[in-house]
Amino acid sequence: MEEDIKPLIIPVGGDENDVGVLNIQFNPEDLKCKRPFHIEPTNIVNVNDDMQRVTAEASAMNKRIHYYSRLSSPSDRALVAPDHVLPAAEEIYVYSPLGTAFKVDSCADGSGKNSSLITIFMIWNTMMGTSILSIPWGIKQAGFTTGIIIILLMGILTLYCCYRVVKSRTMIPSIDTSTWEFPDVCKYYFGSFGQWSSLLFSLVSLIGAMVVYWVLMSNFLFNTGKFIYNYVHDINITDIVPGTNGSNRVICPNDAGQEIPGNRTSLLLSTGDAGFEEFEEWWSKSKTVPFYLIIILLLLNFKSPSFFAKFNILGTVSVVYLVILVTVKAAHLGFHLEFDWSQTSEYFVPEFRLRFPQLTGVLTLAFFIHNCIITLLKNNKNQENNVRDLSIAYFLVGITYLYVGVLIFAAFPSPPLSKECIEQNFLDNFPSNDIMSFLARIFLLFQMITVYPLLGYLARVQLLGHIFGNVYPSFVHVFILNLAIVGVGIVMARFYPNIGGIIRYSGATCGLAFVFVYPSLIYIISLRREDRLTWLGLAIHVFIILLGVANLVAQFLM
């Protein structure tokens, strides 16, 4: 009886506790390989009645499916469940990477698959993240011309390494790898070390992203609260930092001692100074606001992230709005570039700077999708187009980064400000009372509040799933893990609110394994086993590995 009511969320060739590194439990090539299973009503979407359950007949058929699957090893497809034991299409559900059950609408060939256009958009949407806010700062650190070249070269390099990840499964002979993810490939070549090291580096990327999110959420919440308070109390405030005048004001937050010719800072209050000072004391970017966000900790303890997964579209809206904001600001501010080498000027724009590794660290995370690209491409309806679609997606991501980075850098008003004023989050270069920046912060704040629990869920799945064999061993275990991650975010927001540093450190660390080392090593080993390894191929891929090592080491030297 217990088996009848227990949710059967079972991937092909595994059991319900075999969550995998990314909890990816969906993909068979066609409908015959999809497992029907009993799903709790709260995880079922696209149904009219929230209390609707799958039928008893479907549950019985599910047991018969399991019977057939245990007649041979998971990798042996000789005994695949025949059609007559499969439930009807309306009784089959598939499990998405984020934990939501979706109903299969038809049994036609290719059902549940995405077109090339959708696949390209999914890759673009997945890859675009908070790194886009630091691209202008990265260009400043690398130098204008060098920054542009590095973005192009890093895009090509990470694309090639991603291609090697996609092809890694097909280079394993005599084994059905259709359900494998990249960590499974690492385990095949490097044993348990490959499995656990890939888990470690994946956790680094997830926790690093969560820390960046916490710092940014604190930033956006602070500026949003400041804007609302000033508006409600009719406070006309010009930030007491260097900046330009006019309706398109740009500020230099980290250089409050600089005097800008013709610039005046003022604070005009229609209420008493005491109330404003009290607000400043209780609404501090680093001392108080990061603690106010701790209520999000309650959201991290939910068993299912399906509710938050519905807000993923906000990520696309946020990026599109950022592109619009950048375009409008550049149109109003114009371009400010000074390349005259014959004169020494404070506003001179260098074309090369020795701090360029800071940009490569940021870009490693900005172009990072290697740990889930196999999953995204599995659902492509035309598998022969995978390489083409991946290349187009990378091209669009690179163009987006170049567009935002170059326009913000070029339009930054220098003079009267120096390009050194460009912040690691370029929105910080606009005052809190700037309407377009206020809307951007609102969009990003709400998006991050909904994405943060998803990142926490994936971190929980990876860590607790491998340690306890259960993604939710108990409320206490989950709460302690989430409290530890939130604590790291609070500490970083309080003492090290440096998103560029966090992004490049986490990017260079996780990228060392997933982008540079493992794809190249696996390719070298597979060619060696087939006696097809050449000295040129060996030299190229060893060089890629050395680039990854140098990229990580350089982050600690900047």
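The model shown is predicted, which means the values in this text are computed figures rather than measured ones.
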Can any side-chain N or O of Tyr321 pair as donor or acceptor with the backbone N or O of Thr316 at less than 3.5 Å? no
Which heavy atom in Trp180 sits nearest to a heavy atom in Ile374, and how many Å separate them? O-CG2, 3.7 Å
Please report the closest heavy-atom contact between Ala459 and Leu203, naming both atoms and the distance. O-CD2, 3.8 Å
Is the backbone N or O of Leu199 less than 3.5 Å from a side-chain atom of Ser202, with the two atoms forming a donor-acceptor pair by type? no
Give a yes or no on whether Leu546 atom CG has more than 12 heavy-atom contacts from other residues, nucleotides or ligands under 6.0 Å away. yes
Glu420 and Arg353 ion-paired at < 4.0 Å: yes
One pair to check against side chain to side chain contact (heavy atoms under 4.5 Å, CB included): Arg249 and Asp434. What are the steps and the verdict? CA-CA 8 Å; Arg249 178 172 166 81; Asp434 183 271; over 6 Å; no
Between Lys378 and Glu181 (salt bridge meaning N to carboxylate O under 4.0 Å), is one present in this structure? yes
side-chain hydrogen bond (donor to acceptor under 3.5 Å, both in side chains) with Thr327: which residues, sequence neighbours excluded? Tyr403
So does Leu417 get a backbone contact from the side chain of Ser414, meaning a donor-acceptor N/O pair under 3.5 Å? yes
Asp389/Lys381 ion pair, N-O < 4.0 Å: no
Checking Gln141 side chain against Gly147 main chain: does a donor-acceptor pair fall under 3.5 Å? no
Restricting to non-hydrogen atoms, name the atom on Ile151 and the atom on Gly398 that form the minimum distance, rounded to 0.1 Å. CG2-O, 4.4 Å
Kindly check if the number of other-residue, nucleotide or ligand heavy atoms within 6.0 Å of CZ (Phe193) is above 12? no
Main-chain N/O of Leu333 paired to Asn248 side chain as donor or acceptor, under 3.5 Å: no
More than 12 non-hydrogen atoms from neighbouring residues, nucleotides or ligands closer than 6.0 Å to CZ on Phe395, yes or no? no
Could you go step by step and tell me if Asn219 and Asp428 meet the side-chain hydrogen bond (donor to acceptor under 3.5 Å, both in side chains) rule? CA-CA 9 Å; Asn219 182 309; Asp428 286 344; 2.9 Å; yes
Just by distance, with hydrogens left out, do Asn385 and Asn380 show a side-chain donor and acceptor under 3.5 Å apart? no
Does a donor on one side chain and an acceptor on the other come within less than 3.5 Å for Tyr518 and Ser197? yes
Donor-acceptor contact present, side-chain Thr177 to main-chain Arg169, <3.5 Å: yes
Any chance you could lay out the ring pair (Phe, Tyr, Trp, His ring centres under 6.0 Å) test for Trp214 and Tyr452, step after step, and finish with the verdict? CA-CA 8 Å; Trp214 198 275; Tyr452 193 86; 5.5 Å; yes
What side-chain donor-acceptor pairs closer than 3.5 Å can you find for residues 549-558, not counting sequence neighbours?
{"residue": "Asn551", "atom": "OD1", "partner": "Thr360", "partner atom": "OG1", "Å": "2.7"}
{"residue": "Asn551", "atom": "OD1", "partner": "Gln555", "partner atom": "NE2", "Å": "3.1"}
{"residue": "Asn551", "atom": "ND2", "partner": "Thr364", "partner atom": "OG1", "Å": "3.0"}
{"residue": "Gln555", "atom": "OE1", "partner": "Arg504", "partner atom": "NH1", "Å": "3.0"}
{"residue": "Gln555", "atom": "NE2", "partner": "Pro357", "partner atom": "O", "Å": "2.9"}
{"residue": "Gln555", "atom": "NE2", "partner": "Asn551", "partner atom": "O", "Å": "2.8"}

Nearest-0.5 Å distance, CZ of residue Phe144 to CD1 of residue Ile139: 7.0 Å
Side-chain donor or acceptor of Lys419 paired with backbone N/O of His336 under 3.5 Å: yes
Can you name the nearest heavy-atom pair linking Phe201 to Ala513, along with the distance? CD1-CB, 3.2 Å
Euclidean distance, Ile369 CD1 relative to Met127 CE, rounded to 0.5 Å: 4.5 Å
Verify the neighbour count for atom NZ of Lys187: are there more than 12 heavy atoms of other residues, nucleotides or ligands below 6.0 Å? no
